[in-house]
Amino acid sequence: MTINWSDIEHKWRTKWENSSLHNTNVDPDKPKFFLTVAYPYPNSPQHIGHGRTYTLTDVYARYKRMLGFNVLFPMAFHYTGTPILAMTKRLAENDPELLSAFQDVYNIPMSVIKQLDEPKKIAQYFHDEIKQGMIEMGYSIDWRREFTTIDTQYSKFIEWQFKKLNSGGFITRGSHPVGWCPKDGNPVGQHDTLGDIEPDIGEYTIIKFAFDDAKLVAATLRPETIFGVTNIWINPDIEYVKISLNNEKWIVSSDSMFKFEHLIEENSSTEAISGNSLIGKWTENPFTHMKIQLLPATFVNSKNGTGLVMSVPSHAPYDYQAIVDFTRDHSLLSKYPDIDTTNLAPIDVIKTPRYDNTPAKQIVSDLSIKNQDDSKLVDATKELYTLEFNSGKMIDIAGDYANLSVKQAKEKVKIDLIQLGIASKLYEIMNSPVICRCGTECIIKMFENQWFIDYGKPDWKEKAHSSINDMSLVPSEITVEFHNTVDWLHEKACARNSGLGTKLPWDSDWIIESLSDSVIYMAYYTLSRLIKEHTLDSSNLSEEFFDYILLGLGSSELVSANTNISKNIIDDLRTEFLYFYPLDSRHSGRDLVPNHLTFFIFNHSAIFPKNHWPQQIVVNGSVLMDGKKMSKSFGNIIPLRQAVKTYGADPIRLGIMSAAELLQDADFSLELVKSFTERLNKMHNLIHEIKSASDYDVTQAHSIEKWLLSRLQRSIQITTDSMNKLRVRESLHNIIYLLDIDLQWYNRRTTLSTEDQNSFLKYFFETRIKLLAPFAPHFCEETWETLGHEGSITLEDWPIPDTNLIDENSELSEDLIKNTVEDINNILKVTKIQTQRICIYIPANWKWNIFLHALKQEQLLLKDLIESSLNNPDYSEFKKHIPKFCQVLFKELSTMDSSSKSRILSIGKLNETQILEDLKSFYKTQNNIQVDLYSEDDSKIYDPRNRSIYSRPMRPAIFLE
RNA sequence: GCGGGGGUAGCCCAGCCCGGUCAAAGGCGUAGGAUUUAGGCUCCUAUCACUUAGGUGUUCGUGGGUUCAAAUCCCACCUCCCGCACCA
C-alpha cells in the first residue's frame, strides 16, 4: 500500500482550515511565540529554493506549538517596487525571453498572460499562485492577517514609519551620482543592464589650470599627486572645445563635453580648438604655482575624463613613459622647439617601502615597457596605484600633507582643492560602456535632492550593535556579518520616482522604496486582522492612531475621538500589539543579511522602545539544484507547486530540510525526495500493521525492548537539543535514519511474540511520529489518526525524554554484542572460511579486575600497572599472561574517552556470558551456526588454537571452524 | 579592494568551536546475497589499499608547526563560492 499524498494532503488541509487550527488570537494564559519570514515579492511563482526558508519557519512554528506556545505565523505580500513595472512593459512588448519564461518555465497559459496587462494584475496573479503553493506545502499560517504592501491602510502605517524616522532625525537629503539610463529616465543597477554589469562609478577630481581667460580642465584619480605635476598632456590629434559654465570658461575635449551638459550655460557658444594648437603653451599649477607647459601625448584618450591629463611622471607610469618618448623623439622636439625639456624632471611626492624614488621609472623598467602605447602600462599603473594607495606616505614636498598616508591625503587634498575653487568632482562609469536592458548606453547622473535614511549616524549604529548583542542569532556564526554590515552601512536612498508603493508623506513626488517599507511590517501583522475585520478606513489611520497603538502615546479615548474609530477597537488593537510584540523570531535567507535584516534591526531600534526590539533572527543558506545554482538559464528551476503535485508536500519538506545544515547551501535532489517517500511509505505500512495492538506498559520492558526504549530517550534528547538550535538536518537525521538503524537492530534481536512486538512498536511510533510532526505534518496527522487518536497531532505535546527509561547497562551489553558480531564478520571476511561453529571465550575474572582497576587511575602508567598486577598475590597463577595483557589494555585505554570510561566504571563488571548467550539463537536462526561460549578459565574449554588468552573485557576472544 | 563562507572517501553531507570513542556518522549510488513468478519495495553484507584471525598501511585542499596524540589547535600558501546597495 502506498500513500496517496494528494488525498491525505487535501484531507488535512481541509481539517486544519475548518478548525481554524492555525489562526492565533490573544490568549493571556498562554506564552506567545511570534515568528515571521520575509514576505515574497510576487513576480514569479515560488520554486524549491524559496521553499527552504518558508518550510524552515513552518517547521519551527509547529515545533514551538508542540512546546505549548501560542504561535503566530502570518504572511503578507510585497507589491512595492519596480520589477513588476518593468515586467508589465516587457509583456506588453511581447518580449520573447519573458514570454518563454512565463509559458515554458512557469506554465502560464497564453490566455492568462494576455490578461496580465498592468502591474497589479501581475502581482495579484503571482500572489495567488504563491499563496496556493504555501497552502499546499502545509504551512501553518494565520491567513486572516494577510495583506499587501499597497493596501491603503498599510500605506498609512508606512507613512507613520517615515514620519517617525523624519522626526527622529534619521532622514537626510542630498545629491548622489547614479548609473542612469537617459532613455528610461531611471537609475540603473546591475539587474537593469545587459549582461548584468554593475556600473562602476569612479570619482575623478577635475583640476582647473589657468589658461588665458579660460581653464584647462584635467581629470585625475590621484589629486594628492598635484605636488608632482610637471606638465599637462594634450593629444595633438583630437579636438578640444572651450565651453562656458559656472561663470567660467573650460577647455575640455569635445568628446567629453556631454558630461558637463547639465552645467553648461544656455545659449553659450562653444569654440573649437585643435589639440595641436595648444602644445607648447604655458600654464601654472594652481596649487604650487609652478609654471608648466602643455606637451603632446598619444595615450591621451578624448573620451576618458576630460581628454586632458595632468602629468606626474614620478608616480604615473604613463606620464613617465610619455616624457621619455617625447624627449628622445627628435622629430617631435624639432616640431615643438618652444618646449623646455629641462623642466620635466620627475618630482617625488610619495614614498613606499618598496621604492626609493621615481617609482614610475622603476616599474616601467621592471616591466620592460617600450613606449606609451605599450599595453603593459595599464598593469603598471594599476600596480603602482594600489601600492601607493595602500602603503604610500606623503613626503615633505607635500607641505601640510607631509607624513599623511596616501589614503588620508587623497581625501584631504581633494576637499581642500574644491574649497579653494581649484577643483571639483566628476563621476564617470569606469567600466563603460554599460548598456541598459533597453539598449541605451548608460551615463552618470547626479540624483539631486534624493532622500536618504542615514544609516551612517554613529549613535544609531551603536543602538543597532546593542540590539544585535541582545538578540539571539541563529546560527551564531552569522553575528559577525551583522556587526560588519552595521559598520559599513551609510546613507541609503529611500525613495524613488517610479514603482508601486507609498508616497513620502512630506514630499509626494517620491515613492518610498521597497527595501525601506518592509522593515517594521511585522508589527502590522498584529493589527491587520482587526483592521480588516472592522474595515477601518485608511483615512482614519492617523499618526496619532499608530502612535497610541504601537508606542502607547496618548490615550485610546483621544484617538477614538479624533479618528471615529470606537475605543474598544483601539483598545483591542493595542492589546493585540502588546501581546504579540516583540517579534520572537525573524527568518530569511542569508542574502538578506547585508540589507533587509540589518535595516530591520536599525529601524526597530529607531522607532520602538528596547523591549520591542527583535528577539531572534534565523538565517539559512540557499538551495542548489543537483549542485548547480537554480536559475532560469540553467533550466533547473522546479516550481514548488509542481513538485508538490508530483512528489507530495511532506517528502519535499523533508528533502529540503535534510539536505544541509542551516547556514550551508543545500544541494536539493529529487533522488533524496524519492527515498524519503519510500521511507514514509514503509513507516505508513508498518503503522497499519500495528495500529490495533494493545497498549504497551513500558515498566514491563526487558532485554532488547529496554534497549530500544533507552535509545529512544536519547534520540528525543538529541532531537530536542538540535531543534532548539534549529539544526533541522541533525534532528531529521536522528528521527529518520538513526532511529531506523536502531529499529532494524531491534527487529533482529527481539524475541517477543508478534502481538507483543506490535504493542511495543505502537508505543515507539507514537513518540517517533510526534518528533516527525513538525517536518511532515500531513503524514503525521494521518498516521496519528491511524493509531487511533482523534485530535490533531499539532496539539500534542513534544516528547520529553524519560530518564527512568535510560538504561546504560543494556546499551553497554548491546554494544558488546554488536562488537562481537562485528569481530566475527571481520574474521570471516579476512579468512573467507565457511564457518559451522563459533567459539567465544569470555575473559577470566582477573582480567576484569585489572581492567576496572586501570580505569580508575587518573594517571595510568604502563609500568605501574604491570608491576602492581604482578605483585598482587591474587593473580600469581596468571603471572606469565599479565605483561602482555597489560600492554594491550594500556594501549586500548589510552585512546578511550573519559565518558566511556566512567560509563563502564559506573556499571562495573558485565556478565558477559549471559549477554553473549543471546548470540546462540542469533546465529542459529540466521545461518544455522552453532555458538559455544566458554570462560577463559573453564576447565572443559575447547580451544584448539589457544585463542582464549587473547580475550579482554568487552572484547571476547573468538575461534571459528 | 572590503566583508563573509567553503575545500572530508564515487557523489551529497556531518564532525572542527571543546584534540583521543575517527579509516572518519548518515544518506545517495554501486556490488553480492535473502525474499519475489519477475521487477519494485524490504532485509542482510560489502564499498581507501593490503591481509586465510578480529590486523597493518596510507588518508580529511597543500606545506610547515604544537602535542604522547591533529580532520579538529597555530602559521603560511593554493583554490572555489557569495555579498558590496539605491535592486528585490
Side-chain angles (χ1 to χ4, degrees), chain A residues 2 38 40-41 43 78 80-84 176 178-179 187-192 198 386 389-390 447 450-453 455 476-478 480-481 483-485 487-496 499 513-516 518 590-596 599 621-622 624 626-627 629 658-661 663-669 671-672 674-676 678-679 681-682 685-686 727 729-730 732-734 736-738 740-741 744 747-748 819-820 822-833 892-901 903 926-927 945 947 950 955-960:
Chain A
T2 50
Y41 185 70
N43 70 337
H78 197 195
T80 320
T82 53
I84 291 176
H176 198 68
V178 292
V188 286
Q190 186 176 351
H191 51 281
D192 300 313
E198 173 77 31
T386 308
F389 182 76
N390 290 314
F447 224 42
Q450 168 73 283
W451 292 100
F452 297 96
I453 299 181
Y455 293 119
S476 57
E477 296 95 286
I478 203 77
V480 61
E481 271 188 59
H483 282 301
N484 285 340
T485 306
D487 281 334
W488 67 253
L489 228 44
H490 49 86
E491 298 96 329
K492 151 94 185 135
C494 63
R496 42 189 307 158
E513 170 276 336
S514 59
L515 285 185
S516 303
S518 57
R590 74 180 308 172
D591 52 328
L592 299 189
V593 171
N595 44 69
H596 164 77
F599 299 155
S622 60
L624 305 176
D626 289 324
K629 199 178 161 176
S658 72
E661 217 44 273
L663 206 53
Q664 303 305 323
D665 287 347
D667 194 7
F668 183 80
S669 89
E671 289 303 314
L672 187 60
K674 285 179 200 155
S675 101
F676 273 119
E678 278 163 8
R679 279 177 190 269
N681 253 323
K682 187 176 97 181
N685 291 342
L686 181 64
R727 290 178 58 89
R729 195 200 87 104
E730 186 177 57
L732 272 180
H733 215 72
N734 271 287
I736 300 278
Y737 299 124
L738 301 184
D740 237 17
I741 289 170
Q744 281 163 9
N747 284 330
R748 292 174 75 183
N819 289 339
T820 308
E822 196 179 311
D823 275 354
I824 293 168
N825 284 340
N826 251 324
I827 298 167
L828 288 174
K829 180 189 158 199
V830 173
T831 60
K832 300 187 181 85
I833 57 174
E892 187 185 9
L893 289 180
S894 63
T895 58
M896 191 186 275
D897 69 309
S898 54
S899 66
S900 301
K901 284 181 187 172
R903 188 172 166 207
Q926 289 193 20
N927 305 310
R945 295 277 288 271
R947 306 219 60 90
Y950 297 112
R955 198 81 200 268
I958 294 160
F959 170 66
L960 305 181

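Just so it is clear: chains get the letters A, B, ... in the order the sequence lines come, proteins before strands, and each one is counted from 1. Reckoned from all heavy atoms, side chains included, excluding hydrogens, waters and symmetry mates.
Map A:Glu678 and A:Lys829 each onto its nearest nucleotide of RNA chain B; the residue landing nearer the 5' end is A:Glu678.
Between A:Thr82 and B:A88 there is a side-chain N or O to OP1 or OP2 distance below 4.0 Å. Side-chain nitrogen and oxygen atoms of A:Arg727 include at least one within less than 4.0 Å of the OP1 or OP2 phosphate oxygen of B:G15. A sub-4.0 Å separation between OP1 or OP2 of B:A88 and a side-chain N or O of A:Ser514 is present. Neither OP1 nor OP2 of B:G32 sits under 4.0 Å from any side-chain N or O of A:Lys832. Of the side-chain N and O atoms in A:Ser675, none sit less than 4.0 angstrom from OP1 or OP2 of B:G27. Taking side-chain N and O atoms only, A:Arg748 has no distance below 4.0 Å to OP1 or OP2 of B:U42. Side-chain N/O atoms of A:Gln744 include one lying less than 4.0 angstrom from OP1 or OP2 on B:C43.
Within the 3.5 Å criterion, the main-chain N or O of A:Ile84 finds a donor-acceptor partner in the side chain of A:Tyr41.
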Under the 3.5 Å Watson-Crick or G-U criterion, the dot-bracket string of RNA chain B, with | for inter-strand pairs:
((((((((.[[[..)....(.....]]]((((((.......))))))(((....)))...[[[[[..)....]]]]])))))))....
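Nearest nucleotide to the A:Gln664 side chain, out of B:C28, B:A14, B:G4: B:A14. Closest to the A:Arg945 side chain, of the nucleotides B:A53, B:A14, B:G26, is B:A53. For A:Trp488, counting side-chain heavy atoms from C-beta on, the closest listed nucleotide (B:A88, B:A53, B:C84) is B:C84. Among B:A88, B:U42, B:A14, the nucleotide with an atom closest to any side-chain atom of A:Ala660 is B:A14. Nearest to the side-chain atoms of A:Glu513 among the listed nucleotides B:A88, B:A46, B:G27 stands B:A88. The side chain of A:Phe959 lies closest to B:A53 when the candidates are B:A88, B:A53, B:C44.
Base engagement by A:Ala957 is indicated by at least one non-hydrogen atom pair under 4.0 Å involving a base atom. Residue-level contact check: A:Pro956 touches the bases, meaning some heavy atom is under 4.0 Å from a base atom.
Here the shortest heavy-atom pairing between A:Leu663 and A:Ile478 reads CD1-CD1, 3.9 Å. Taking all atoms of both residues into account, the shortest heavy-atom contact from A:Ile453 to A:Ser516 is CD1-OG, 3.8 Å.
In this structure, A:Asn825 atom CG and B:A53 atom C1' are separated by 13 Å, rounded to whole Å.
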